[in-house]
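Whatever order the structure lists them in is the order used to number ligands and atoms, beginning at 1.
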Amino acid sequence: MRKELPDSEARRLLNPGPVTIITTRWNVMTNAMAAVWTVPLSTEPPLVGVCVHPSRHTFDMLRYSEEFAINIPSRQLLNHTQYTGQTTGRDINKIEATGLPAFPGSRVGAPLLEGCLGWIECGLEDVLTVGDHSLFVGRVLKVWVEEDAFDEVWLLDDDDVRPLHYLGATSYALLGERLEAHVRTTAEAALEGESAEEREEREEREARERELAEKDPERPPDEEP
Ligand SMILES: Cc1cc2nc3c(=O)[nH]c(=O)nc-3n(C[C@H](O)[C@H](O)[C@H](O)COP(=O)(O)O)c2cc1C
């Protein structure tokens, strides 16, 4: 089941930086390219970016069509992701060649790929030259997620609903467990982390301190008896 999210949620889908497949359509041509240089850029208006080298067929597709989709693959698309990152759409229609099932986007002509966990449909807002790549700035038009994969954050409940992360060459990884952080000072965190034995010792020490302080109010509180 897919569900729609507010456009402002697009930036969260990109945390913590999953690998993506950028899909594009220009007239009858479609293309798909693995991209890991994606970045959330603005909350309001919702903008996301992808850095693309001018040698990529995707570069021209983006320039001409002025729209694109960011697909966030699951591990089911591990090999497809690598394929779209090592072949060029100038020579072959990668979506047809891989037999990747796709469905139409609601706001862009670019196809959305099945087997993904999230999709961000974008209109091209701006193109900035950044060194040897260009940053294509996308205005988020629609955001979709698989419900069992994402609910405010990536849920990571099991391997099939974890986004893929790119390590380099042909290596990828899945995130492990989700950890919940608490805002704590070092002292509070230390108290939380103490064992039952340590707590007992601390409580005894504090009781002794209180007793001595009552007997001698002049005594500094941290002085050992
Ligand atoms: C996992 C992965 C991530 C990649 N990320 C990017 C990227 O962010 N930007 C880019 O320009 N190329 C990136 N590449 C390289 C392109 O995907 C590759 O050159 C591809 O063949 C271009 O396809 P195209 O010519 O059909 O556009 C990546 C490759 C892989 C395997």
Looking at [X] and [Y], would you say the former's side chain and the latter's main chain have a donor-acceptor pair under 3.5 Å?
| X | Y | result |
| --- | --- | --- |
| Thr20 | Ile22 | no |
| Thr38 | Val50 | no |
| Lys94 | Thr87 | yes |

Considering distance alone, does some N or O of [X] sit under 3.5 Å from an N or O of ligand 1?
| X | result |
| --- | --- |
| Thr87 | yes |
| Val19 | no |
| Thr88 | yes |
| Val36 | yes |
| Tyr172 | no |
| Lys94 | yes |
| Gly89 | yes |
| Ala32 | no |
| His57 | yes |

Check: Got a second to check how far Cys116's SG is from His80's NE2, nearest 0.5 Å?
Finding: 10.5 Å
Margin query: Just verifying a value: how many Å separate Cys122 SG and Arg107 CZ, rounded to the nearest 0.5 Å?
Written below: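 Between atom SG of Cys122 and atom CZ of Arg107 there are 11.0 Å.
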Charged N-O contact under 4.0 Å between [X] and [Y]:
| X | Y | result |
| --- | --- | --- |
| Glu214 | Arg210 | no |
| Glu201 | Arg208 | no |
| Arg162 | Asp159 | yes |

Check: At a non-hydrogen distance cut-off of under 4.0 Å, which region of Cys51 contacts ligand 1 (side chain, backbone, both, or neither)?
Finding: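 Contact part for Cys51 vs ligand 1: backbone (N, CA, C, O).
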Do me a favour and list the nearest non-hydrogen protein atom to [atom] with residue, atom name and distance?
| atom | result |
| --- | --- |
| atom 27 (O) of ligand 1 | Thr58 OG1, 2.6 Å |
| atom 18 (C) of ligand 1 | Gly85 O, 3.2 Å |
| atom 10 (C) of ligand 1 | Arg56 NE, 3.3 Å |
| atom 4 (C) of ligand 1 | Ala34 O, 3.3 Å |

Note to self: Hydrophobic cluster membership, with links at side-chain heavy-atom distances under 4.5 Å among I/L/V/M/F/W/Y: are Met29 and Ile92 in one?
What the structure shows: no
Item checked: same_hphob_cluster(Phe68, Met33) at 4.5 Å side-chain heavy-atom cutoff -> yes
Check: In terms of side-chain heavy atoms, does Asn31 have a donor or acceptor partner in Thr24 at a distance below 3.5 Å?
Finding: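 No, Thr24 and Asn31 have no side-chain donor paired with an acceptor closer than 3.5 Å.
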Atom pairs and distances, donor-acceptor, side-chain atoms in residues 136-153, under 3.5 Å, two or more places apart:
from: Lys142; atom 1: NZ; to: Glu4; atom 2: OE2; distance (Å): 2.9
from: Trp144; atom 1: NE1; to: Glu121; atom 2: OE2; distance (Å): 2.7

Next item on the list: From atom 20 (C) of ligand 1, work out which of Thr38, Thr84, Ile21, Thr20 has a heavy atom at the shortest distance.
Entry: Thr84
Atom indices of ligand 1 within 4.0 angstrom of [X] heavy atoms, with elements:
| X | result |
| --- | --- |
| His53 | 11 (O) |
| Val52 | 11 (O) |
| Asn31 | 24 (P), 26 (O), 27 (O) |
| His133 | 11 (O) |
| Trp37 | 8 (O) |

Next item on the list: Please lay out, stage by stage, how Thr30 and Asn93 fare under the test side chain to side chain donor-acceptor pair (under 3.5 Å).
Entry: CA-CA 7 Å; Thr30 55; Asn93 183 317; 3.3 Å; yes
Notebook entry, point to check: Val50: heavy atom below 4.0 Å from ligand 1, yes or no?
Noted result: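 Val50: no contact with ligand 1 (<4.0 Å).
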